[in-house]
Every structure is written in C-alpha cells, then in structure tokens.
Amino acid sequence: MRQEWESQIAEMRKGSVRGLARLITRVENRDTGWLDAMQIIYPMTGKACVIGITGSPGAGKSTLTDRLTRELSDQGFKIGIIAVDPSSPFSGGALLGDRLRMKEVSTIDDVFIRSMATRGALGGLNLAARDVVKIMDAFGKDIILIETVGVGQDEVEVVKAADMVLVVCVPGMGDGIQAIKAGIMEVADIFVVNKADKDGADQAVADIHAMLDLSADEASVKIPVVKTIASTGEGVTDLVRMMLQNFEAGRIRTSWQKERIKEEILSLLEKEVARHLRNRWDQNGNLDQAIKQVTARKQDPYSVVQEMISLMHLQ
Amino acid sequence: MNTEKKIRVLVAKPGLDGHERGARVIAYGLRDLGFEVIYTGLRQTPEEIVSAAIQEDVNVVGLSILSGAHLTLTRKIIEKLREQNANDILVIVGGIIPDKDVPELNKMGVMGVFTSGTSIKDVGAFIKSNLS
Ligand code: B12
Ligand SMILES: Nc1nc2c(ncn2[C@@H]2O[C@H](COP(=O)(O)OP(=O)(O)OP(=O)(O)O)[C@@H](O)[C@H]2O)c(=O)[nH]1
Ligand SMILES: [Mg+2]
C-alpha cells in the first residue's frame, strides 16, 4: 500500500501532470493510506504562496482568477488553481463550471487547474482543499489560487488555507457592502471591486473605505481597495503588483499560523474519527440497527450517541 | 473503505458548434444522478479538452457534437488522449450522429453514442456499467 503511494508521489515529483492529477483524486477520495501519503508529501511543501479568492456568487471570481493567472504566469510563476463549486445536497453530484471562465489559461504549460466539489463541507471549500494545496506545492507550483464557492457570507474557511485573501465585490444594489458586513471584513487582505465598468464602482470603493476606517485601529495595516474589470483585464496589473508587494513586505497571515495549525489538526482529527466510526458502523450494521430502534421509538438519538461514545472509551 | 469516491465526467463541446442545449441537459442531468460534472462550455479545441480531462482526472469524457464534424473531432481527441497515455478514460459522444457513422466511432474507441431523445438515466447507467 505504502509502496504504491510512494511510487505515485515519485511520479508526481518527476513532473508528471497525470501523476499529480491522480494523486489529488486519491487524496480527495480519502483512499486507504492517504494519511501516510500526506506524511510523505508534507516535508516537500512550504514554498508556495497560497491566495484565496472569495466573494458573492457571480462577482467575477473565476474571470479574475483567469486574468491573475495570465499575469502571474507571464512573470514566470508556476500556477496551481483550485476552483470550488457546491455539491448538490440531494444527489451528491455537482456541476463544476469555474473552468468555463479559465479557457485561455487552461492550456498554458505551467498552469494546473483542478475543479473540486464541496462534497458536503461548509464554508466554501472542500475538506481536502488544504491537502491539495500541499500536493500542488510539492509538485513545484509557486503560487496557488483557491477560488471558493460564491457564498456571500461566512465562507471564512479559506482563511485557514490561504496566506492572503482577496474579497471580490461588485458595485450596485448594496451587494458588495452587504457581503462585507457579514463578517467577511476580517478576512480580506485586499478588497477588489470588480465589474468597475458598471455604475457605482466608485461609490462601492468609498463605502468599503468607510467601513474599513470604522473598524481600523492605529496599529492595523491599511487594507487596499482595488477596482478591476476582469472581463477586459483592466486594473489586474495593479492588483498583481499589490499582491506581490504584500508578499514581499511579509504582510501575510503569519500571525495566524499557530491558529491555523491548531485548527488543521483538530479538524483532521474530527473528520478522521467520524469517518472511521461511520465505516465501522456501515460494516457491522450498528448504525442501521440504531436507526431502526429510534424509528420504532424504542431508543432516542441521544442515548445512541452516548453508547457509541462509551464504546470508544472516551468517557 | 472508500466512501467518498465520485465518478467525474467532463462534458465538452469541441469545434465551432454553438448548439449548447444538449450538452447542458446532459451536464445537469448527470449532476442530478450524483456525478461530478466538469462543464467547459462551447468552442473547445481538442488540446483544451484533453488537458482538462487530464488535470481534472475524469473517468469519462462526454463530447457533444451537432455540427457534423464528429468524426474528425473525435478522432483528434482520442489520438491526443492516447499520446498522454490516457486512453483508459471512457469516451462517449452525443448529438446529431448519423447511424452510419457509429461503427466508425466505435472503431476509434468510442464506447457509447447517444443521439436525440437520449434519456439521462440511460447515460448514467451506461457510464456506471462501463466503468466497473
Ligand atoms: C435549437 C437548434 C438550433 C439553435 C441552437 C440554440 C442553442 N444555443 O443551443 C440555433 C437556432 C442557434 C441553431 C443554429 C444552427 N443550426 Co441548429 N438546430 C437546432 C435544433 C432544432 C434542435 C437542437 C436542440 O437544442 N435539441 C435539444 C437537445 C436537448 O437535444 P440534443 O442536442 O440532440 O441532445 C440530446 C442528445 O443528442 C444527447 N446528447 C447531446 N450531447 C450529448 C453529449 C453527451 C456526452 C451525451 C451522453 C449525450 C448527448 O442527449 C441530449 C438529450 O437527449 C436541431 C435539430 C434537431 N432536431 O436536433 C438543429 C440542428 C442541430 N441545427 C443545424 C444547423 C445546420 C444549424 C446552423 C448551421 C443553421 C444555419 N445554417 O445557420 C446553425 C449553426 C449554429 C452554430 N453556431 O453552431 C442542423 C445540423 C446538421 C448536421 N449536424 O448535419 C440541425 C440537425 C437541423 C437540421 N436538421 O438540419 N440551431
Ligand atoms: N461587466 C462585467 N462583467 C464581468 C466582469 N467580470 C466578470 N464578468 C461576468 O460576470 C459573470 C460571472 O463571472 P464569473 O467569473 O463566472 O463569476 P464567479 O464569481 O466566478 O461566479 P461563481 O463561481 O458562479 O460564484 C460572467 O458572465 C462574466 O463574464 C467585469 O469586470 N465586468
Ligand atoms: Mg466561479
């Protein structure tokens, strides 16, 4: 098992795009041994810059990602893209359409795009997104862009995966401002007012500045607000310059590092424990049994859980 | 121990053909059957389709062609998949395909051909039975 993973990782490290793609699939699927695989990969990581791109649905995140990639790729950076779209809660399937807006960069040699479905995860990312970032890093990508689901609020998961977060807003209808209010303020390292070809772009910029001034204290760094027209590329050069400046100035989320690591360990643990339990229940039929009991009102869900926990010797 | 596995399908429209409805019907339909569908839109070159298929590590490439150019386009795509050692990916074709061309497509390696009136359930069942 471990050998199989090792040879796959070696193939990826040699630069095989197919190898990279397949490794991502297996880790995303939590194939047996995936934790061992990530242990091998982890020491190969730590070089790439990770940029999160979030914002309301249809704000232009994919179009902007395409433009940023062109610009950064022209400057010689190797780019990896993770584009997340929601899974259907009913069928478990997904329509992954971000790539539709990334046609032009999809065949550039040093660009690798991977679409991912949320597969039930909340917060705008896929559970394996952080692992996929590491795999792309180990492959040799310099910059990894993560486009989150367009949620509009609460999609702060990306902060835990990224060194820098762009929040994309659009002018008009109070939309941009609404999105910011919902707690997204704190996650932005750069605000982008996209669709600046539309009425109200300057107003949106002014509104965002006003909000930022309200919450800023003396010590905090000034958060830039940039106007772009992703569909034509206007403003993107400025945005890229600002992003690279941020990196050079070390204005990245290093202060979050401890929090991030703690959170990563806890969430991995939580998911792995739950997964193991579910797998075991699926096999031994205990879950079906419990469902039957509760349906017949012979037992309640609370005592089911308590029993399961005591079986784990956690109490 | 592999509960998270999903079948991934690329639905692509090669060439200059602008008939998008069939591809959309199939993309949404497969999503509703539980597949993860990557939809790349109109006017894709064979190169774009093959590189998307490889990066996304799909199990299936579904081509939607109503332009009449299905033979040349499909041949190109299958050749390029083979160049990349990716001929294990299941290729299916849908759209306006005259019956007389089906054997030729099969000979290239196309596993299934689906013309107008195709039910999405049949496509889903075909994919599942040909992958396992
Ligand atoms: C609607 C239509 C249009 C619309 C398209 C709107 C749009 N955005 O989609 C408009 C008016 C724009 C149009 C234009 C043209 N059209 Co037109 N059009 C049609 C028409 C009447 C219906 C197509 C349709 O949407 N069907 C509904 C969908 C749901 O069915 P479907 O596409 O067949 O898909 C089903 C199956 O084929 C299959 N399937 C399809 N794709 C896939 C993929 C996979 C992976 C799988 C598994 C299955 C699958 O499953 C689907 C669901 O059952 C057909 C005639 C016909 N009856 O098919 C002509 C037809 C396709 N058009 C034709 C032509 C010639 C043209 C034009 C060149 C006309 C002209 N001279 O200007 C232009 C070209 C436009 C362009 N840029 O490509 C010809 C094509 C001839 C050929 N291939 O030999 C047809 C067949 C008409 C004819 N009998 O001559 N057209
Ligand atoms: N007018 C205008 N339209 C734009 C601009 N940027 C993107 N669009 C359009 O806005 C629509 C949505 O763009 P996407 O890039 O798909 O937006 P998104 O945020 O990725 O969308 P989701 O992933 O679905 O949330 C597309 O039709 C784009 O062409 C812009 O600067 N100006
Ligand atoms: Mg998008």
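Lettering follows sequence order; numbering is per chain, from 1. This is a predicted model, so every value here is computed, not measured.
Contact annotation: the side chain of B:Arg8 approaches that of A:Leu96 to within less than 4.5 Å [non-hydrogen atoms, C-beta and beyond]. B:Glu36 is not listed as a side-chain neighbour of A:Met116, based on a closest heavy-atom distance of 4.5 Å or more. A:Val17 places a side-chain heavy atom less than 4.5 Å from the side chain of B:Gln55.
Taking both residues in full, the closest heavy atoms of B:Tyr39 and A:Leu95 are given as CB-CD1, 4.2 Å, listed atom of the first, atom of the second, then distance. Listed here is the closest heavy atom pair of B:Ile38 and A:Arg99: CG2-CD, 4.1 Å. In terms of heavy-atom proximity, A:Thr107 sits nearest to B:Glu48 at CG2-CG, 3.5 Å.
Under the 3.5 Å distance criterion, the side-chain polar atoms of A:Lys103 are matched with a main-chain donor or acceptor of B:Leu42. Side-chain atoms of B:Ser51 come within 3.5 Å of backbone atoms of A:Ser106 as a donor-acceptor pair (strictly under, hydrogens ignored).
Using modelled atom types and a 3.5 Å distance limit, the side chains of A:Ser115 and B:Glu56 yield a donor-acceptor pair.
Contacts between B:Gln84 and chain A at a heavy-atom distance below 4.5 Å involve the backbone alone (N, CA, C, O). Looking at A:Val111, only its backbone comes within 4.5 Å of chain B, counting heavy atoms on both sides.
Note: A:Arg114 leads A:Arg114, A:Met102, A:Arg22 in heavy-atom pairs under 4.5 Å with chain B. Put simply, of A:Gly92, A:Gly97, A:Ala117, the one with the most heavy-atom pairs under 4.5 Å next to chain B is A:Gly92.
Salt bridge annotation for A:Arg26-B:Asp57: absent, with no cationic side-chain nitrogen under 4.0 angstrom from a carboxylate oxygen.
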